[in-house]
Amino acid sequence: MREDQSAFGLVDAATEAGYRLADVMATLVDEGPDFVEDPEAFLARFTNEVGGRGGTLTDAAIRRAAADTAERLLERQQAESGGGAPAGGGLAGDLLCLLYQWFFADIVSEFLRSVIAEKVKLVAPVLPVLDPGDHIADWVADKVLSLVPNPCEEAAELVEKAKSVESDIEDPVGSLPEIARSLVPGTVGKVLGLVVENIPGYQEGDEGESA
């Protein structure tokens with residue numbers, strides 16, 4: 001992919017999925033999912049709206065990443081609320097930021113899991129039970145997670161800047177989807193280990209460390 005950023009269509013697919021995620025984050029700020037009464041409906045809706053409907057190996061990996069992320073969100077929210085619904089119907093800002101970080105890490109892990117599985121089948125079709133993809137992909141996902149920008153940290157910086165000029169940010173949580181959207185191009189470059197200067201939407205200062 002360093003030689004050809006269009007390989008697998010992964011950059012474009014991950015970027016588009018990131019923008020879809022930002023749209024869903026905006027919905028979660030306003031409404032919040034109904035975790036208690038119908039978690040399966042939330043899981044299906046989140047997977048469809050964020051994962052898209054493409055038919056390539058990459059598209060399938062992104063849909064699985066969306067499903068994995070939604071399941072993590074359900075588990076975390078229910079653990080923190082004791083199984084109750086989010087207060088006020090919305091979703092807490094810290095959960096939104098975790099959602100963003102989880103999703104991009106899951107994209108990388110699910111894509112690697114798919115590619116490695118295909119390679120194993122070609123090289124040793126009688127040994128699929130070894131499944132090295134799971135171990136490698138999970139290890140990489142843990143590393144990638146640290147590369148994903150945290151929208152909450154960006155929002156906190158905006159609040160501090162606003163204070164310094166005696167301005168107000170009325171709703172820091174409400175600004176998270178917009179911040180998340182602005183971070184998508186640089187995030188994709190970081191988690192895929194690409195030369196981010198060549199990615200549309202890149203801004204100087206976004207280089208960071210890459211996987």
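One-based numbering along the sequence shown. Fair warning: this is a prediction, and the values are worked out from it, not measured in the lab.
With rounding to the nearest 0.5 angstrom, the OG atom of S109 is 13.5 Å from the CH2 atom of W102. Rounding to the nearest 0.5 Å gives a distance of 10.5 Å between CG of N48 and CZ of R45. Atom-to-atom distance recorded for L74:CG and E40:CD is 10.0 Å, nearest 0.5 angstrom. Here the CG atom belonging to N150 is positioned 10.5 Å from the OG1 atom belonging to T187, to the nearest 0.5 angstrom. Separating the CG atom in D68 from the CG atom in L73 is a distance of 12.5 Å, to the nearest 0.5 Å. We find the CG-CZ distance between L57 and F8 to be 8.0 Å, quoted to the nearest 0.5 Å.
A donor and an acceptor atom, one from each side chain of D12 and T15, are nowhere located under 3.5 Å apart.
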- prompt: Could you walk me through whether V29 and L96 pass the side chain to side chain contact (heavy atoms under 4.5 Å, CB included) check?
  reply: CA-CA 8 Å; V29 168; L96 285 174; 3.3 Å; yes
Side chain to side chain contact (heavy atoms under 4.5 Å, CB included) evaluation trace for L99 with L21: CA-CA 9 Å; L99 181 75; L21 175 64; 4.1 Å; yes
message: What verdict does the side chain to side chain contact (heavy atoms under 4.5 Å, CB included) test give for V24 and F46, after you've listed the backbone C-alpha separation in whole Å, the side-chain angles of each residue and the deciding distance to 0.1 Å?
response: CA-CA 8 Å; V24 172; F46 186 93; 3.8 Å; yes
task: Check step by step if salt bridge (Lys or Arg N to Asp or Glu O under 4.0 Å) holds for R64 and D106.
output: CA-CA 8 Å; R64 287 196 301 274; D106 286 341; over 6 Å; no
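Using modelled atom types, no side-chain atom of T47 and backbone atom of A44 make a donor-acceptor pair closer than 3.5 Å. Between the R63 side chain and the G54 main chain, a donor and an acceptor come within less than 3.5 Å of each other. Proximity of a side-chain donor or acceptor of E110 to a complementary backbone N or O of I62 within less than 3.5 Å is not detected. No side-chain donor-acceptor contact under 3.5 Å links D23 to the backbone of R20. For S6 (side chain) and G9 (main-chain N/O), no donor-acceptor pair under 3.5 Å exists by modelled atom type.
For the pair C97 and L176, the minimum side-chain heavy-atom distance is below 4.5 Å. At a threshold of 4.5 Å between non-hydrogen side-chain atoms, the residues F103 and L98 do not count as touching. Between P149 and K190 the shortest side-chain heavy-atom distance falls below 4.5 Å. Between I107 and F104, some side-chain heavy-atom pair lies under the 4.5 Å cut-off.
The two residues A13 and T58 come nearest to each other via the heavy atoms CB-CG2, 3.8 Å. Counting all heavy atoms, side chain and backbone alike, L145 lies closest to A105 at CD1-CB, 3.9 Å. Scanning all heavy atoms of the two residues, the minimum distance from A70 to L43 falls at CB-CD1, 3.4 Å. Among all heavy-atom pairs drawn from Y100 and M25, the shortest one is CD1-SD, 4.2 Å.
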